[in-house]
Amino acid sequence: MGGGGQEAEVLVTIADNVDVDVEEVSSDSDFEPVVGKFGTGASGGGEDNGGNNANNNNKKDKDKKDKDKANKAATTSETLSFVFHDGELKTKLIFTIGFLAAIGNGLVYPAIAFIFAKSFTDIGSATSNGLDPIKRIAFWLMGIGVYALIIGTIQTMCFEICSYKGTNHLKKEWFYSLLRQDSSYFDVYNISGIANTLNPQSNKYRRGLGRKFGEGVQFFTTGVGGVVYALYAEWRVALVVLSFCPVIGFFAMNVVKLNQTKSERSAQAYSSAGSIAYSTVSGIKTVLSLNACTKIITEYKKATQHAFVIATGTLIKQGFVNGMMLGSFLIMYIILTLYGCYLIYIDVQNTGCDPSGGVTTNITCRSSGPDVFGAMLGIAFAAQGIGQVGTFLETFSTAKVAAGQALTSIRRIPGEGKSASEEIIYHVEDKKDKKKDNGNDDTNSVSSGRNSSIAFDESIETPKGRIKAILPPYEINSLSDKGLSPNPKDVQGNIQFNNVIFNYPTRPSHQILNGLSIQIKEGSTIAFVGPSGGGKSTIVKLLERFYDPINGTITLDGINIRDLNVKYLRGLLGYVGQEPQLFATTIAKNIEYGISKSSQSNSSGEEIQTQIENAAKLANAHDFIMSLPDQYETHVGDKGSQLSGGQKQRIAIARVLVGNPKILLLDEATSALDSQSELIVQEALENIISDKLNKRTTIIIAHRLSTIRNADTIAVVMGGVIVETGTHDELMSQDDTYYKKLVDTQSKAMAEGNGTNGMMKKNSIISSSGGPPPTSLSLLTKSESQLGFDRVPMKFHESGAQPLIVFRNVSFSYPTRPNKLILDRFKLKIYKGETIGLCGISGGGKSTVMGLIERFYDPNEGKVEYFGTNIQQINVKWYRDQIGYVGQEPILFDATIADNIAYGCDDDNDDGSKISREQIIEAAKQANAYDFIMNFPDNFDTMINGGSNTQLSGGQKQRIAIARAILKQPEILLLDEATSALDNESESIVQEALNKLMEDNNRTCIVIAHRLATIRNADRIAFIGDGRVKEIGSHDELMDKPKGFYKRLVEAQGRTASTLLLDGMLSSSSSTKKKTTTKKKGSKQLDDDEDNADEKSNNDDDGNDEKDELSAFNLARARKLASPDAFYLLAGALGALMAGSVFPSWGLLFAQTIDLLYVRIYACTDELLSTTIYDTCEDYWSYESDRMQDQSFTLSAYWAILVCVCVIGNMLTFWGFGNASERMNRRVRDWTFHSLIRQEVSFFDQRSVGKITSELQEDATRIQTFTGDPIRSLLIALSSVLTGLILSFIYMWPFALLAVACIPLMGFATNLEMKSMYGEDEGVETVKEETTSPSGIAVETLLNMGTVSALTMEEERFNMFKEALDNSDEHYIRDGFRQGVLAGLSMFIQQWINALQMYWGGWLLFNYSNQFGFNDFLTSNFAILFSLFGLGAAFQDIADRKETEKSAARIFSLLDRVSSIDPLSEEGKILDTSGDMPMKSQRTLSIKRKSSTKKMTKQQKRESSMEDVDE
């Protein structure tokens, strides 16, 4: 115990002081503060921003010091504290046993050094001394094998058990501490980073405290024991060899590092290409609509080329390091041979002593062969051991960083330490930050503060630096029992804000509330309105006590809410936001989360279910829930993905209502919904607000003022203060109030469609030709379903305009839902220069019409014509150039603003000239985007990060997308809900830009809108429902129809709307759905828009597709992929043969060295002199001494040659196979991406974005192994083993036969040892956790922390996490035992085989001394033994063959797949659209959907898929 304690103290000291690059060991951690010394800034701004949404906008500060502080490692005692957390004697005992076992295991190699050093003396004298000494050695080796197996098993099992317990404690404490943090903490620290860090960092902690910790103790003991034994055996040799050990350790550490980070390096090298692939696939419709395929492919090739340069740039270094790692050991033998032999032959020359120690008649040399050899082995084993201590320290340092990250939140306790006062966080400037920290935003944009970390750079300058955040004192603990908790029945609901001042922690200089004061009476309804950034949502956050005011007070019934228990306070509040967050469980469970735990404990299961159903009825959710196959037990999917927006919102409302809150908070609860869903949800909310039996205080925030007209009080918030209050009528009766101006603006938009907009201008131009009214009412006698096809607007008829787009009996269903018919014999004519609005209830087919016009899909039956030609006969690329598209959520790319605007124009004008900056600027001006762009420091050269585009607000992104459409100058403009997700001010600006686009009389505009005011002035409005045109005409004509669909929809959006108005529309749609929807558990209810067809269905075709993909594998074709790299393969093969020959050559020279060290010098007697040529003893001694000296020089030269061969061979191997492998990797990625991007949209609908992109990355990586590791490993192994076998058979064939029989076992054992000694690829953790796993629960909880806090679910989520964690690894003891057995098995097998071979070799020498000598045995033994080291090293990381074949099959299947709508195809017509085409009288053709798997030969498929793909 004492020794173990001292050794532990030494290890702890080393671990605490080791200088490991924390940035490197924690490079995959996303746990970084958003701002200050730990990051580069985030926003807490906007009125609803400083909260958690800002967290996604942190930039990584690469400053080394800041990074170290962000990832401050725990001390060793702190790290181990989680293991001994519970203070159990049992855990301490297990740890102590494991520690002692590791020490005992570490002494195995010094013991082997001692036995081996003595064994060769006994074997050499076997002919004279018999086999007894050899038997004794064999038994010793067998005993060591058994001992190593037992002690190794105990060691690994004990540490794995301890690491499991420690990791569980760390996870629980970490997660629990995160649940109690306030919102300020998550503003400063990236919540998404923490969520995605908790599991991988915990795994690193477990790795550092498990088997690796035991190996650290073991190898440290080996290092110390080896040095001690070497000094004991021959201190002079030991010191000389020891001086070279740092070189060995240096190269060994580098090899370990390279091996362990292999996958990470590969992932990093191709991360840019992967990012392009991900953004392309996730925005495939945008890419296709912009005709940007060629540009994207070019960018992808640049990225793969860049990755290729990075990946191949270190190949020579890798080869050199690997070669020198072995070479350094060989150099050690040179030192041993020269210096060790020098000591021996000097002794021989002076005294005539015997170096071998086996001549009993002669004295043994002071520096004997066994002593020199033992010292060499001791130092060699010590060098290996110390090298592995470095590996342990690196792994343990990673564990310490993980523990440090956990302790950041664990030690943040209210009122203690740093948490008791505010913490100022400074920002350190970085060039990279300056470049990124640019731009300005619309100060009135909702997204401005929430999404932009660059919108306001209002940092405070101080002598210590620039302040980027002030973390307030930690006082809000949602899991604390402290605080007042009055009886909820006594709560009245009187709320008072008194001179409240507040700013978000991440924007200390930007005050959101500036002395805000207001009283909210019990049971009343108050609505807050005002410009974005005024402070409306901040009021709600402060009332929820997500934050505390800087100054001022907030009281509830006269009690300062700071004095109330946090959980109690939030239990009184019911919050419904714009984007409800549901959890991945059943509908019933989601609603049940709103019931307090005390109520649940006092209620039966039936009573709880009754409460759930009553709440659902109040929220207008019960009916749709009961229509689901599993009703309340229906799983909603991840984030509620299996439900529509309206359904999710109603469930969220039910979740709030089931808790019967005293105060209801509604923050833009309907703004993101379509008209139908909004009406249903709004009616539910109004019913709740007007409930006389449960009168509650209600606070509403709304941009749509029609939803708050009946509020008791309307308060206008501007600049952080209340500037106006009153009822609707009171505020409207006053002159020049902000509220009145806002109401008038919205009313005007509703009544007049924004006045003289683009549509009206276009109408006036056409009407000036003297044409009659737009449509003829005589056509109303025709069938409603035929109107869209036959009805001709009279003004276009009179002016001679021809139909530009014609739908002829089009029937269509999405490939993912073949049984759900979206369009049913759909007919519609759209005229050149016409603006047509499409409206209708969700799921009717509006967006599908857009998709068919873009030719994202082809009809099942019927056809779509453009200029009188079936669009399936037109060249896809040319056709899409005629179309401009602006959707609800525009996708921008990782490029400058200028490049984004020019995206898809191929940088060329029609005349071949380049797109100029002037054209880009003009497009920006027309899109109302120029001013905000010029506010950025780099204006048009400002970089945009793709994906979330967090530097820009929604309005800014939308205007850039409009500029992109303007620059394209399209014949057809498609506007799909282009403004529905924007606030009033942003919508007004964007709508103005759209109006400019629609002013062009030559441009045909097709508009989808939920807000009908935006299309009321269209030439025609088509109401689409059940896949057909139900009504078509102008706004006035459709409003004249007493019970028209359009009229009812318009009235549904009015102030007196009721769901009764939708009855006809809903019933029609519902009946269709019942006929066509297959009921499946968890299937998506189709009451939202048909564009949600992108939701993937689990149909049987998925399995068939996978089978088809796997059947595409062809081994010959896979190998043929490598044919362009023959030169590199040849160079690699040459290097592999050289590298492989090193091991048996090593064994040969090792045998010769031992033979030299153990040379037998007999006593100089008269009898000896009489039988030899020597005259004197001095002559005899001089001769033998000179012979040893010459041999030592010769052997040293051979060792030096072997070092060169080793280094050159490895360099050639890595360079040759590395280049061949990476060239094919690049080639396959380019081919695959090229083939991928030309697939039709339905291909992407049937596969998830993650699946496509991850397989693209992984498959390309795996398939490169056909040129890389397998060939390299095979050649090294063959070269090594065959050379070794040949040498072994030549020198002692009977021994070689036994060695051949032992090869499989020995290869297995050496492979295990190599993985332990030199590390194995730890890969990149990319496994997506299930939502029911501990990691899944943690991620889901933390990413929805606002919802969790509002519903006071912290304890419940922790209990779920704890239960899942306790059940996640039930067999950890068994697994630890298995790992322990494998760890000890290597040594067991090796030593038993060594024992067998020792005995067999000695037996052969004893019985066949006339045929075999000692040198024969040594050469035969070590030639085969060292060749097995080559075998083990070669097969350390061979890829799984089956997985590789699957990857190759998927790639071949994609390369062979012929797209039915190929955006890169040169086939198809290019029409002359300079003049009008005459009307064609044609029969409706029934055109079946083209199959994506045309009948072509494989060769034709390959040629087609490889068109225009460069090497």
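Scope of the values below: all heavy atoms of this structure, side chains included, with no hydrogens, waters or symmetry mates.
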Val864 to Pro859 - nearest heavy-atom pair and separation: CG2-CG, 4.2 Å

Donor-acceptor under 3.5 Å (Lys877 side chain, Asn291 main chain): no

Is there a donor-acceptor contact under 3.5 Å from the side chain of Glu861 to the main chain of Ser811? no

Polar side-chain atom of Glu834 near backbone of Arg1003 as donor-acceptor pair, under 3.5 Å: no

Between Arg855 (side chain) and Arg880 (backbone), is there a donor-acceptor pair under 3.5 Å? no

Any side-chain heavy atom of Ile960 within less than 4.5 Å of one from Ile901? yes

Apply side chain to side chain contact (heavy atoms under 4.5 Å, CB included) to residues Thr896 and Phe940 and explain how you reach the verdict. CA-CA 7 Å; Thr896 64; Phe940 282 86; over 6 Å; no

Mind checking what makes side-chain hydrogen bond (donor to acceptor under 3.5 Å, both in side chains) contact with Gln873, not counting sequence neighbours? none

Quick one, Lys863 and Gln872 - any side-chain contact, counting heavy atoms below 4.5 Å? no

Say you draw a straight line from SG of Cys1005 to CG of Asp1019; how long is it, rounded to the nearest 0.5 Å? 9.0 Å

Do Leu804 and Ile830 touch side chain to side chain, with heavy atoms closer than 4.5 Å? no

How long is the straight-line distance from OH of Tyr885 back to CG of Leu975, given to the nearest 0.5 Å? 9.5 Å

Minimum heavy-atom distance between Ala1022 and Val1029, given as atom pair plus value: CB-CG1, 4.4 Å

Counting N and O atoms only, with roles assigned by atom type, does the side chain of Ser1459 sit under 3.5 Å from a partner on the main chain of Glu1240, one being a donor and the other an acceptor? yes

Apply side chain to side chain contact (heavy atoms under 4.5 Å, CB included) to the pair Thr286 and Arg964, showing each step before the final yes or no. CA-CA 11 Å; Thr286 299; Arg964 188 165 61 188; 4.0 Å; yes

Smallest separation among heavy atoms of Leu821 and Leu823, with atom names: CG-O, 3.5 Å

Whether Phe826 and Phe807 hold their rings parallel, tilted or perpendicular, with breakpoints at 30° and 60°: perpendicular

Leu290 side chain reached by Phe893 side chain, heavy atoms, under 4.5 Å: yes

Do Ser813 and Asn860 pass the side chain to side chain contact (heavy atoms under 4.5 Å, CB included) test, and can you show the C-alpha distance, the side-chain angles, and the key distance before you say yes or no? CA-CA 7 Å; Ser813 60; Asn860 297 22; 3.2 Å; yes

Between NZ of Lys285 and CE of Met850, what distance do you get to the nearest 0.5 Å? 12.0 Å

Nearest-0.5 Å distance, SG of residue Cys839 to CD1 of residue Ile1015: 4.5 Å

Could you please spell out the steps behind the side chain to side chain contact (heavy atoms under 4.5 Å, CB included) verdict for Lys957 and Leu892? CA-CA 7 Å; Lys957 287 189 286 183; Leu892 304 182; 3.9 Å; yes

Minimum-distance pair of heavy atoms, taken over all atoms of Ile883 and Lys968: O-NZ, 2.8 Å

Return the orientation label for the Phe812 and Tyr857 ring planes: parallel under 30°, perpendicular over 60°, tilted otherwise. tilted

Is there side-chain contact between Ile805 and Ile1006, with at least one heavy-atom pair below 4.5 Å? yes

Between Arg959 (side chain only) and Asn928 (backbone N and O only), is there a donor and an acceptor less than 3.5 Å apart? yes

Can you find a heavy atom in the side chain of Tyr814 that is under 4.5 Å from one in the side chain of Thr848? yes

Nearest-0.5 Å distance that lies between atom CD1 in Ile920 and atom CG in Asn900: 10.5 Å

Any heavy-atom pair between the side chains of Ile1024 and Phe1045 that's under 4.5 Å? no

Ring-face cation of Lys1030 near Phe1023 (centre distance under 6.0 Å, axis angle within 45°): no

Would the distance check show the side chain of Lys846 and the main-chain N or O of Gly840 forming a donor-acceptor pair, the cut-off being under 3.5 Å? yes

Nearest-0.5 Å distance that lies between atom CG in Leu967 and atom CD in Glu922: 10.5 Å

Closest approach of Gly884 and Pro970, non-hydrogen atoms and distance? N-CB, 3.2 Å

Just checking, Lys1041 and Tyr1046: is the charged tip under 6.0 Å from the six-membered ring centre and within 45° of the axis? no

Which atom names give the shortest non-hydrogen contact between Ile1461 and Asp858, and what distance separates them? CG1-OD2, 3.6 Å

Any side-chain heavy-atom pair from Val810 and Val849 closer than 4.5 angstrom? no

Kindly write out the residues that satisfy side-chain hydrogen bond (donor to acceptor under 3.5 Å, both in side chains) with Asn875, not counting sequence neighbours, or none if the list is empty. none

With sequence neighbours excluded, what pairs up with Gln882 under the side chain to side chain contact (heavy atoms under 4.5 Å, CB included) test? Tyr866, Trp878, Glu971

